[in-house]
Amino acid sequence: MTRQSAEISQPAGFWAWLASLANPTRFMGIADRVIPWLAALSVALLVAGLYMCFTAPEDYQQGATVLIMFIHVPAAWLAMMCYSVMSISALGTLVWRHPLSDVSLRAAAPIGAAFTFISLVTGSLWGKPMWGTYWVWDARLTSVLVLFIIYLGIMALARAIEEPAQAAKSLAVITLVGFVNIPIIKFSVDWWNTLHQPASVSRFGRPAMDAAFLYPLLVMALAYTLIFFTLHLMNMRSEILKRRIRVMKLKAAEGVR
Amino acid sequence: MFGKYAAFIIPSYLVSALVVGGLTVWIMVQYRRRKAEIRELEARGIRRASSRER
């Protein structure tokens, strides 16, 4: 093979790397190597973040309840980020037909549901001492509850359809339809009159928050993000095994016939 | 330690830890079970097409 033809046959950069992951066996090998490092980094960041949270001063208005912010806000960010990852995976299924897209979508759904649940519970526990109520049907809270229900719906649908190709398409379409809720959650505090405060970390490019609270929050957000990617890779690995078991059982059944 | 807000702060951290911890354990247990199931199927002589090619 000449040098020129070798260059042509090797697509460069990110897309080539992404294409190489289409092989689940190769993906499993990479995941096996990456997961321990990612998990260790997540734990280290979580420990550092928690130390920063518990040594941060009390807020002059909220008192010690500011501690809830450090776990509530990253959970809410992750709830939306996870859905965005699922939507990109849905595009991967429908547009590029990447074999791991459906695996990624299914693996992310329970993790997204868990972070949304944390965001709802911690928000509620923060709301009671600050607003005087655990719950109000305002735009932000209601749209996050809708996100939680969408996650549960996607998980239920994933279990309900037996045939993998048909399930992948249905899940991708439903996920993309549900994405309409993400900008609604993000901008609900600007579009409607809500009890929930507006964005305070990135307001006009400058955070409206003191560094004493901002740094622990950002470290916790990074820790949550790494936890998400670690769990996502772990669950993708498990999902691939589930598919292998299905294929093997089908082969075994064919052998019996 | 958290004064009058302890009843809100402690459950918040507990719920977060339990949910993330529970999810991690669930994912790990499921992965191990599936690995064991594959070993069992392979022991019965059932192979995937791609594993037979190797």
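A, B, ... follow the sequence lines: proteins, then strands. Residue 1 opens every chain. Every heavy atom of this structure was used, including side-chain atoms; hydrogens, water molecules and symmetry mates were not.
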Which atoms of B/Lys4 come close to chain A, meaning under 4.5 Å heavy atom to heavy atom: side chain ones, backbone ones, both, or neither?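 B/Lys4 has no heavy atom closer than 4.5 Å to chain A.
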Check whether any side-chain heavy atom of A/Asn235 sits under 4.5 Å from a side-chain heavy atom of B/Gln30, and report yes or no.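 Yes - at least one pair of side-chain heavy atoms lies under 4.5 Å apart.
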Side chains of B/Val20 and A/Tyr224, heavy atoms from C-beta outward: is any pair under 4.5 Å?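 Heavy-atom side-chain distance check fails, nothing below 4.5 Å.
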Atom [atom1] in [X], atom [atom2] in [Y]: separation rounded to 0.5 Å?
{"X": "A/Met248", "Y": "B/Ile46", "atom1": "CE", "atom2": "CD1", "value": "6.5 Å"}
{"X": "B/Lys35", "Y": "A/Arg244", "atom1": "NZ", "atom2": "CZ", "value": "10.0 Å"}
{"X": "A/Leu231", "Y": "B/Met28", "atom1": "CG", "atom2": "CE", "value": "10.0 Å"}
{"X": "B/Ile38", "Y": "A/Leu241", "atom1": "CD1", "atom2": "CG", "value": "4.5 Å"}
{"X": "B/Arg33", "Y": "A/Ser238", "atom1": "CZ", "atom2": "OG", "value": "10.5 Å"}
{"X": "A/Ile111", "Y": "B/Leu23", "atom1": "CD1", "atom2": "CG", "value": "6.0 Å"}

Tell me if the aromatic rings of B/Tyr13 and A/Phe54 count as close, with their centers under 6.0 Å from one another.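 For B/Tyr13 and A/Phe54, the ring centres are under 6.0 Å apart.
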Part of [X] within contact of chain B (heavy atom distance under 4.5 Å):
{"X": "A/Ile227", "answer": "side chain"}
{"X": "A/Ile118", "answer": "side chain"}
{"X": "A/Met69", "answer": "neither"}
{"X": "A/Phe228", "answer": "neither"}

Among A/Lys249, A/Met234, A/Arg237, A/Glu239, single out the residue with the greatest number of heavy-atom pairs under 4.5 Å to chain B.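 The residue among A/Lys249, A/Met234, A/Arg237, A/Glu239 with the greatest pair count is A/Arg237.
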Which of A/Thr122, A/Ile71, A/Val121, A/Thr230 touches chain B most, by non-hydrogen pairs under 4.5 Å: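 Of the options given, most contacts go to A/Ile71.
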Look only at the side chain of B/Tyr5 and the backbone of A/Leu67, and say whether a donor-acceptor pair between them is shorter than 3.5 Å.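 Side chain of B/Tyr5 to backbone of A/Leu67: no pair is present.
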Under 3.5 Å, is there a donor-acceptor pair between the side chain of B/Arg34 and the main chain of A/Lys242?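 No, the answer is negative, given that no donor and acceptor are paired below the 3.5 Å cut-off.
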Using a cut-off of under 4.5 Å on heavy-atom pairs, state which of B/Gly45, B/Gly3, B/Ser16 scores highest against chain A.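 Of the options given, most contacts go to B/Ser16.
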A/Glu163 atom CD: more than 12 heavy-atom contacts under 6.0 Å: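 Result for CD/A/Glu163: enclosed.
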More than 12 foreign heavy atoms under 6.0 Å from CZ of A/Phe117: is that the case here?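 No, because the 6.0 Å sphere around CZ of A/Phe117 holds 12 heavy atoms or fewer from other groups.
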Between A/Phe115 and B/Val19, does a side-chain contact (heavy atoms from CB on, under 4.5 Å) hold up when you go through it step by step? CA-CA 8 Å; A/Phe115 281 115; B/Val19 170; over 6 Å; no
